[in-house]
Amino acid sequence: MSESPRPHPTGQLLKLGAAQAVLFVIGALLGRWVGLLLGLDAFGPGGYGNKEIFGILLIGLGGGGGVQIARAWYVRKYGNPRS
């Protein structure tokens, strides 16, 4: 018989959550700064034109990328929490 996998300890899952939160914010800020460097101000005074939409997209991609980096770090260090 095969054993069922042991759940990850709460402390390790807390590390995952904290890392995802921190890297989400860092990634979103990096996306914002890249957008500003490219002239894509997500919060510009011009309403929601193409430049603003692409600025918002960069913020979202940066935040999502940060979360994925944190998850990859956790899986490499502790293993997949879903298995």
Side-chain angles (χ1 to χ4, degrees):
M1 280 204 167
S2 65
E3 291 183 24
S4 61
R6 295 181 58 200
H8 289 231
T10 305
Q12 285 180 353
L13 294 175
L14 184 62
K15 288 178 188 178
L16 172 61
Q20 285 179 329
V22 168
L23 288 178
F24 173 82
V25 171
I26 291 171
L29 287 173
L30 286 173
R32 167 93 169 122
W33 293 330
V34 168
L36 289 175
L37 288 173
L38 297 174
L40 305 172
D41 188 2
F43 304 111
Y48 288 112
N50 288 338
K51 288 184 177 185
E52 290 79 15
I53 297 297
F54 283 115
I56 293 169
L57 179 66
L58 285 174
I59 293 171
L61 288 173
V67 169
Q68 293 304 313
I69 290 170
R71 185 155 181 86
W73 163 80
Y74 182 87
V75 168
R76 186 176 51 236
K77 186 165 183 167
Y78 298 111
N80 191 350
R82 294 185 182 181
S83 60

Trainee: Other members of the hydrophobic cluster containing Leu37, with the 4.5 Å side-chain heavy-atom rule, please.
Mentor: none
Trainee: Hydrophobic clustering (ILVMFWY, side-chain heavy atoms < 4.5 Å, transitive) - are Val75 and Val67 grouped together?
Mentor: no
Trainee: May I ask you to list the residues sharing a hydrophobic cluster with Leu16, side-chain cutoff 4.5 Å, ordered by chain and number?
Mentor: Leu13, Trp73, Tyr74, Tyr78
Trainee: Mind jotting down which residue pairs meet the salt bridge (Lys or Arg N to Asp or Glu O under 4.0 Å) criterion with at least one end in residues 13-37? Sequence neighbours excluded, please.
Mentor: Arg32-Asp41
Trainee: Output every pair passing side chain to side chain donor-acceptor pair (under 3.5 Å) with a member in residues 16-25, not counting sequence neighbours, ordered by first then second residue.
Mentor: none
Trainee: Kindly work out whether a path of hydrophobic side-chain contacts (I/L/V/M/F/W/Y, heavy atoms less than 4.5 Å apart) joins Ile69 to Leu29.
Mentor: yes
Trainee: Got a sec, which residues hit side-chain contact (heavy atoms from CB on, under 4.5 Å) with Leu58, two or more places apart in sequence or on another chain?
Mentor: Val34, Leu38, Leu40
Trainee: Kindly write out the residues that satisfy side-chain contact (heavy atoms from CB on, under 4.5 Å) with Leu14, not counting sequence neighbours, or none if the list is empty.
Mentor: none
Trainee: Can you run down the ring-ring contact (aromatic ring centres under 6.0 Å, His included) pairs that involve residues 49-71, sequence neighbours left out, and say none if there aren't any?
Mentor: none
Trainee: Any salt bridge (Lys or Arg N to Asp or Glu O under 4.0 Å) involving residues 60-71? Give me the pairs, sequence neighbours left out, ordered by first then second residue.
Mentor: none
Trainee: Can you list every side chain to side chain donor-acceptor pair (under 3.5 Å) pair that touches residues 52-68, not counting sequence neighbours?
Mentor: none
Trainee: Please, which pairs that meet side chain to side chain donor-acceptor pair (under 3.5 Å) have at least one residue in residues 53-66, sequence neighbours excluded?
Mentor: none
Trainee: So which atom in Ala42 and which in Ile59 form the shortest heavy-atom distance, rounded to 0.1 Å?
Mentor: CB-CD1, 3.7 Å
Trainee: Could you give all pairs that pass the ring-ring contact (aromatic ring centres under 6.0 Å, His included) test and reach residues 16-53, with sequence neighbours left out?
Mentor: none
Trainee: Group every Ile, Leu, Val, Met, Phe, Trp and Tyr by side-chain heavy-atom contacts under 4.5 Å, then state whether Leu57 and Ile53 land in the same group.
Mentor: no
Trainee: Only counting residues at least two apart or in another chain, list the ones meeting side-chain hydrogen bond (donor to acceptor under 3.5 Å, both in side chains) with Asn80.
Mentor: none
